[in-house]
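Before any comments, here is the structure.
Residues: numbered from 1 along the sequence shown.
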Amino acid sequence: MAFGFAAFGMWGLLPLYWRLLEDLGAFEILSHRIVWSLPTVLIILAVVRSWAWIPQLLRQPKRLAMVALSASLISVNWGLFIWAIANDRVLESSLGYFINPLLSIAAGVLLLGERLRRLQWVAVGIGMTSVLVMSLAYGQVPWIALTLSLSFAAYGLVKKQTALDGVQGFSADTAFQFLPAIGYLVYLTARGDSSFTADGPGQALLLVASGVATALPLIFFGAAAVRLPLSTVGLMQYIAPTMMFLLGLTVFQEEMPPERWAGFLLIWAALCVLTVDALRTARRTRRTVAAHTPAPAETSTPVPR
């Protein structure tokens with residue numbers, strides 16, 4: 001539980017971190033985030049001595065292609081999230097991560113042929129109504145929220161195909177992202193537009209530490225995922241967007257007109273339905289397993305003579 005709260009809590013506080021770098025362009029921050037993630041993850045791999053999976057991955061072109069796709073999807077997600085924070089769109093970003101579980105369910109139905117239970121259909125329907133309400137109220141589709149949720153849902157779907165654990169998957173993604181990111185930073189430096197040392201060592205240190213800020217919650221998440229039931233992890237995923245929502249409302253003081261409240265309330269209602277369904281299913285599964293588990297054979301205690 002401590003690992004889970006640490007992971008989702010750090011993700012929920014990331015808007016505060018990226019706001020410290022709001023004077024930089026989103027692409028520059030993203031590039032530094034990727035570049036400094038690579039040495040971070042190499043140190044982690046050295047500590048845990050996990051190298052054997054790399055040659056195996058290099059001999060599988062299809063898996064490499066899936067890793068390249070997952071790296072591209074998470075780059076889009078990270079870049080847009082950083083841009084949204086710098087442009088006072090924290091609330092819409094939090095909405096995207098609230099929508100994400102519903103989109104993951106929809107992807108399972110459309111792409112993996114999964115069947116939904118009745119309450120899951122209800123939750124997806126309420127979520128679609130929420131997006132429709134906000135689109136009509138604002139006169140435009142909430143594209144930031146939808147792009148964040150779509151890119152992350154697709155990222156999760158692709159990750160299932162790569163079959164790499166948390167540290168391995170993060171390492172592979174970062175390796176694919178590294179060359180474009182370092183190339184962009186070299187281009188900025190050659191043009192005289194690099195901000196790495198322009199505003200003193202404090203800003204440079206923040207950019208370097210972005211690698212740790214990226215890797216650490218992923219490591220904590222991986223540690224929680226292998227120790228906790230899936231239903232518990234599913235419930236904990238709402239911590240991060242809730243914290244983002246509260247930051248947008250209180251710290252960044254973004255506007256929250258009635259139509260936006262209506263959209264959020266509908267999304268929260270959908271997530272409540274989804275949570276109830278998940279808890280009921282988990283309870284039913286435990287009962288079924290318990291009913292089919294044979295009782296331990298009784299052993300007689302020898303009577304001392």
Side-chain angles (χ1 to χ4, degrees), residues 1-21 29-30 32-50 70 73-75 77-78 81-82 84-85 90-91 93-101 104 148-149 151-153 155-156 159-160 164-174 177 205-252 268 271 274-275 278-279 282:
M1 292 293 287
F3 283 132
F5 280 117
F8 290 106
M10 291 180 71
W11 277 326
L13 292 173
L14 270 181
L16 294 174
Y17 194 95
W18 303 132
R19 185 57 69 93
L20 295 174
L21 297 164
I29 299 173
L30 173 63
H32 275 288
R33 182 180 188 179
I34 292 168
V35 165
W36 296 110
S37 290
L38 186 60
T40 303
V41 81
L42 288 176
I43 293 172
I44 295 169
L45 289 174
V47 170
V48 299
R49 298 179 180 179
S50 177
S70 70
L73 288 167
I74 200 62
S75 296
N77 186 274
W78 287 352
F81 181 68
I82 293 169
I85 300 306
V90 177
L91 288 174
S93 299
S94 72
L95 176 64
Y97 292 109
F98 278 125
I99 293 175
N100 182 69
S104 295
L148 286 173
S149 55
S151 58
F152 199 76
Y155 172 72
K159 275 295 183 185
K160 288 178 70 69
L164 296 172
D165 68 23
V167 175
Q168 294 172 0
F170 179 60
S171 305
D173 287 342
T174 304
Q177 294 168 318
L205 184 60
L206 282 173
L207 289 170
V208 172
S210 64
V212 177
T214 300
L216 209 55
L218 282 170
I219 295 167
F220 286 154
F221 174 76
V226 298
R227 290 169 171 82
L228 292 174
L230 188 60
S231 57
T232 303
V233 176
L235 292 176
M236 295 182 81
Q237 71 179 315
Y238 304 138
I239 294 173
T242 299
M243 292 176 67
M244 291 180 201
F245 174 81
L246 293 174
L247 286 175
L249 201 61
T250 58
V251 177
F252 303 127
W268 293 333
L271 295 179
L274 206 59
T275 300
L279 292 175

Can you measure from CG (L30) to CH2 (W18) and round to the nearest 0.5 angstrom?
-> 8.5 Å

Do the ring planes of W11 and F221 sit parallel (below 30°), tilted (30 to 60°) or perpendicular (above 60°)?
-> tilted

Is it true that atom CZ of F152 has more than 12 heavy atoms of other residues, nucleotides or ligands lying nearer than 6.0 Å?
-> no

Decide yes or no for Q177 and L38: does some side-chain heavy atom of the first lie under 4.5 Å from some side-chain heavy atom of the second?
-> no

Y155 vs D173 side-chain heavy atoms within contact, under 4.5 Å | yes

State, yes or no, whether a side-chain contact exists between V90 and R19 at a heavy-atom distance under 4.5 Å.
-> yes

Run through P15, S94, S93 and flag the one making a side-chain contact (heavy atoms from CB on, under 4.5 Å) with L247.
-> P15

Does a side-chain heavy-atom distance below 4.5 Å link F170 with S37?
-> yes

Find the distance between CG (L14) and CZ (F81) and round it off to the nearest 0.5 Å.
-> 6.0 Å

Which heavy atom of F8 sits nearest a heavy atom of M243, and at what distance?
-> O-SD, 4.3 Å

Indicate yes or no for a side-chain donor-acceptor contact from N77 to the backbone of S151 under 3.5 Å, with no hydrogens or angles considered.
-> no

Measure the shortest side-chain to side-chain distance between I29 and S210 over non-hydrogen atoms and say whether it is less than 4.5 angstrom.
-> no

To the nearest 0.5 Å, how far apart are CD1 in I85 and CG in L20?
-> 12.0 Å

W268 and Y238: aromatic ring centres closer than 6.0 Å?
-> no

Of I43, I44, L42, which meets side-chain contact (heavy atoms from CB on, under 4.5 Å) against T40?
-> I44

So do I34 and W78 actually touch side chain to side chain, heavy atoms under 4.5 Å?
-> yes

Heavy-atom side-chain contact between F245 and Y97 under 4.5 Å | no

Once you round to the nearest 0.5 Å, how far does OG1 of T174 lie from CH2 of W36?
-> 14.0 Å

Report yes if some heavy atom in the side chain of T242 is under 4.5 Å from a heavy atom in the side chain of I239; otherwise report no.
-> no

Q168 and S50: which non-hydrogen atoms are nearest, and at how many Å?
-> NE2-OG, 3.8 Å

N100-S149 side chain donor-acceptor pair, cut-off 3.5 Å | no

Taken to the nearest 0.5 Å, the spacing of L206 CG from H32 NE2 works out to 11.5 Å

